[in-house]
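All remarks here apply to the structure that follows.
Just the heavy atoms: all of them, side chains too, but no hydrogens, waters or symmetry mates, feed the values below. For the single chain, residues carry numbers from 1 onward in sequence order. A quick note: this is a predicted structure, and the numbers were derived from the prediction, not measured.
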Amino acid sequence: MAENILELRDISKLYPGVTALNKVSLSFRRGEVHALCGENGAGKSTLIKVISGAISPTAGEIVVEGKTYSAMTPALSREEGIAVVYQEFTLAPVMTAAENIFLGDFPKKGIAIDRKTMADKASKLFERMNIDLNPREYVKNLTTGYQQIVEIAKAISRDAKILIMDEPSAPLTSNEIDSMFQIVRTLREEGVTIIYISHRLDEIFGLADRVSVLRDGEYIGTKDIADTTKDDLIKMMVGRTLSQTFPPHGRVSDEVVLEARSVSGNGVKNISFQLHKGEILGFGGLIGAGRTEFCEMLFGRYPIQSGELYLNGKRISPANPAQAVSLGITLVPEDRKRHGIIDKMSIQDNLTVSNLQRLRKGFIIDRKAQVGYAQKQVDALKIKTPGLHQLVKNLSGGNQQKVVLGRWLGIDPEILIFDEPTRGIDVGAKAEIYKIMVQLVESGKSIIMISSDMEELLGMSDRLLILAKGRFAGTLEREEFSQEMVLKYSSGGGGI
C-alpha cells in the first residue's frame, strides 16, 4: 500500500500579482487517507483544481500511476480515476438519487433509459458503502447527509481511484459525520486514495494516515498522523504557535442590556434570558434546537408571536432587520455566502452598504468618505486583500467573515449576534475572530454567540443558554461548564 498513485512535482500557479502555488511537490499513496491542511488562502483549492483539471498549472508536472502530464483536463482527470466531492453539492434536486449518480451516463435499453438497471447499480453502490438508501428517492427529499452520500456514490460510480473530499463534514450533523467516516474507511480498505481537506483537526487525527500542510501557496511538509500533534500541525499551518486559542476577557457587568420574557415564535417557545453588558452569551444545543430561529426573531426576520423583549429596559418588537439595526442589534449569519456577503460586489461596497446614509453629501455618496471608511475597517480587522475594489467572493472564508463584521461595526451596534462565527475558516483566522470578539465586549458591546463547535462554545462564552427542541433546556454558569453538561441539557436530559 506504500506505492505512490499520484505525485505533484514543482507545481506552480501564477495569477497577475499573486502566486497561488509556488513549486509545490508532494505525493499520495495508494489506499491512504491523506489530509490536506492550511489556512484559507494557503493554496488548497488551487491545488485541487490543478489535480482535477479545472485549471492548468503555470509550471510543474502531475504524475498519475507513472504517467506524466504537464496539465490535466476534467476529461483526462476522470479517465485517470480522479473524482472530487465539493463542499457545495452539485446535485439536481428534482431528480432521483440514481438519476443524479448516473447523470450524463444513463444505462440504456435501446434508445430509452433503463431505469431498473440504473436503480440496481445505484443500490449496489449504496450497499458497497453500507448505506440503506432508496435509489428512487428524489434528492430534494433527502437529508444533507444522504445528499453527501449521493455525491460520493456519483464519484465512485466511475471507478474512482483517487477521491478528493473538500470540507465534506461542514454541512453534516455528528451522526452523519460518523456515517461519512465509515464510508471513507471502507473505500480506503478497497484501495481508494482519499485526499481529505478539512479545517477540523479532530477529524484529521481520527481519520487520516498522513497530513500535508500548505502555507501561503508553498508546501510546508508531510507528517504521519501517529508522529505529530495538533499543536505541531497548527504551528506548521500558521507559522507560529497559537499559545492562547481563546483569549481571556474581563469581568461581565451586572447591567442588563437585553431581556427576553417567555418569547415564542418561529418554531421556539417560552424562551427567557438576560444578556449583560460586556458579556458573550453562548447559545448551545443540537442542530435544529431552535438557536438560529430564535436569533432571527431578535434580528426582525420573523415576528415575535408572544412574550416580551426589552432593550435597556424599554420594550421592543423589531418588525424587520432594518428596525433591529436601528435599535443597535446586528446579525453575523451562519451562511455568510448566502446571507452575509454580496459576492458580486467589491469589498468597499460590501463594507459600506449598510452605512450609506452616514456617507452621503446631500443626495449623493461621498466617495472619499466611503473609501476612507472601508479602508479603516480593512486596517482595523486586518482583512487580507490586494485592494478595496477586489470582489468579496475572491476572499478567503475568514476574510469574508471579517467583511460582514466590518459592515456592522460602522453603525456602532450595542448587540452583535454571531451565528457559527468560525464555521469553515482556519485556525489562524479563528484566533483573529476570537480576538475581535473579545475587543468588542471589552469596549462595552454584548454578544450572543451560536456555536456547534464544543471547544468554541466552552472557550469563548461567559455563560451558556441551552436549547432543546425549540425550548429552553437550561443555563450554565462558567464554573459549571463541561461537555457532558452541555450534551445532557441539549438532549433534554436536564434543565426545566
Side-chain angles (χ1 to χ4, degrees), residues 140-146 170-177 256 258-275 279-311 315-321 323-324 329-335 338-339 415-421 423 446-454 456-458 460-477 480-496:
K140 66 181 180 182
N141 298 330
L142 298 178
T143 65
T144 303
Y146 279 117
L172 305 184
T173 65
S174 57
N175 287 338
E176 290 169 339
I177 289 172
V256 175
L258 183 72
E259 182 175 6
R261 299 177 185 173
S262 300
V263 172
S264 298
N266 197 29
V268 298
K269 295 182 179 179
N270 299 323
I271 305 298
S272 298
F273 69 91
Q274 292 181 334
L275 173 68
E279 180 179 33
I280 299 178
L281 177 62
F283 271 37
L286 303 176
I287 292 173
R291 300 169 300 170
T292 295
E293 289 78 3
F294 178 76
C295 287
E296 285 178 333
M297 282 195 297
L298 296 183
F299 191 57
R301 280 187 177 159
Y302 296 95
I304 295 172
Q305 294 174 353
S306 64
E308 300 171 345
L309 195 63
Y310 292 87
L311 180 66
R315 187 172 178 180
I316 63 169
S317 184
N320 51 57
Q323 276 192 22
I329 302 172
T330 60
L331 171 66
V332 179
E334 175 183 12
D335 190 339
R338 290 180 59 198
H339 302 132
I415 297 168
L416 296 101
I417 303 169
F418 285 81
D419 193 351
E420 303 290 357
R423 173 169 287 174
S446 301
I447 290 175
I448 294 174
M449 182 187 72
I450 300 169
S451 181
S452 299
D453 183 323
M454 186 66 75
E456 178 174 271
L457 195 66
L458 299 177
M460 285 298 293
S461 303
D462 294 301
R463 197 161 46 97
L464 287 177
L465 179 75
I466 313 297
L467 300 186
K469 299 179 181 178
R471 295 177 179 272
F472 172 68
T475 303
L476 293 174
E477 300 296 331
E480 301 174 294
F481 283 9
S482 72
Q483 183 170 336
E484 290 75 20
M485 287 299 294
V486 173
L487 292 175
K488 179 182 177 181
Y489 282 112
S490 299
S491 60
I496 60 175

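Atoms OH and CD, from Y302 and E296 in turn, are 5.0 Å apart once rounded to the nearest 0.5 Å. Separation of atoms OG (S446) and CD1 (I415) is listed at 6.0 Å; rounding is to 0.5 Å. Note that CG of D419 and CD1 of I448 are 11.0 Å apart. Values are rounded to the nearest 0.5 Å. Note that CE of M460 is 11.5 Å distant from CG of D453, once rounded to the nearest 0.5 Å.
Looking at heavy atoms from C-beta onward, Y489 lies in side-chain contact with L476 at the 4.5 angstrom threshold. With a 4.5 Å cut-off on side-chain heavy atoms, S461 and L464 count as touching. In this structure, D462 and L281 have side chains that are not in contact, with every pair of non-hydrogen atoms separated by 4.5 Å or more. Residues I271 and L467 meet the side-chain proximity criterion, which asks for heavy atoms closer than 4.5 Å. Taking the side chain as every heavy atom from C-beta outward, I447 and E279 never approach each other to under 4.5 Å. By the 4.5 Å heavy-atom criterion applied to side chains, T330 and I417 are not counted as neighbours. In this structure, L331 and L298 have side chains that are not in contact, with every pair of non-hydrogen atoms separated by 4.5 Å or more. With a 4.5 Å cut-off on side-chain heavy atoms, P421 and E456 count as touching.
Judged as a side-chain contact (heavy atoms from CB on, under 4.5 Å), and not counting sequence neighbours, the contacts of N320 are A322, Q323. Legend: residues meeting salt bridge (charged side-chain N to carboxylate O under 4.0 Å, His left out) with E480, ordered by chain and number and at least two apart, are absent.
The two residues R315 and G307 have their closest heavy-atom pair at NH2-O, 3.5 Å. Heavy-atom minimum distance, S490 versus A468: O-CB, 3.4 Å. Across S264 and N270, no two heavy atoms sit closer than the pair OG-N, 2.8 Å. For the residue pair P321 and R301, the shortest heavy atom distance occurs at CG-CG, 3.9 Å.
The pair R261-E259 meets the salt-bridge criterion, since a charged nitrogen lies less than 4.0 angstrom from a carboxylate oxygen.
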Q: Decide yes or no on side-chain contact (heavy atoms from CB on, under 4.5 Å) for F472 and L465, but give the supporting numbers first.
A: CA-CA 8 Å; F472 172 68; L465 179 75; 3.0 Å; yes
(Q) One pair to check against side-chain contact (heavy atoms from CB on, under 4.5 Å): T475 and I466. What are the steps and the verdict? (A) CA-CA 6 Å; T475 303; I466 313 297; over 6 Å; no
Q. Could you walk me through whether L416 and M449 pass the side-chain contact (heavy atoms from CB on, under 4.5 Å) check?
A. CA-CA 8 Å; L416 296 101; M449 182 187 72; over 6 Å; no
Q.
Determine whether V263 and F294 satisfy the following criterion, side-chain contact (heavy atoms from CB on, under 4.5 Å), listing intermediate values before the conclusion.
A. CA-CA 9 Å; V263 172; F294 178 76; 3.8 Å; yes
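At distances below 3.5 Å, at least one donor-acceptor pair connects side-chain atoms of N266 with backbone N or O atoms of E293. For S272 (side chain) and S262 (main-chain N/O), a donor-acceptor pair under 3.5 Å exists by modelled atom type. At least one donor-acceptor pair closer than 3.5 Å links the side chain of R291 to the backbone N or O of S451.
For an aromatic pair to be called close, the ring centres must be under 6.0 Å apart, and F273 with F283 satisfies this.
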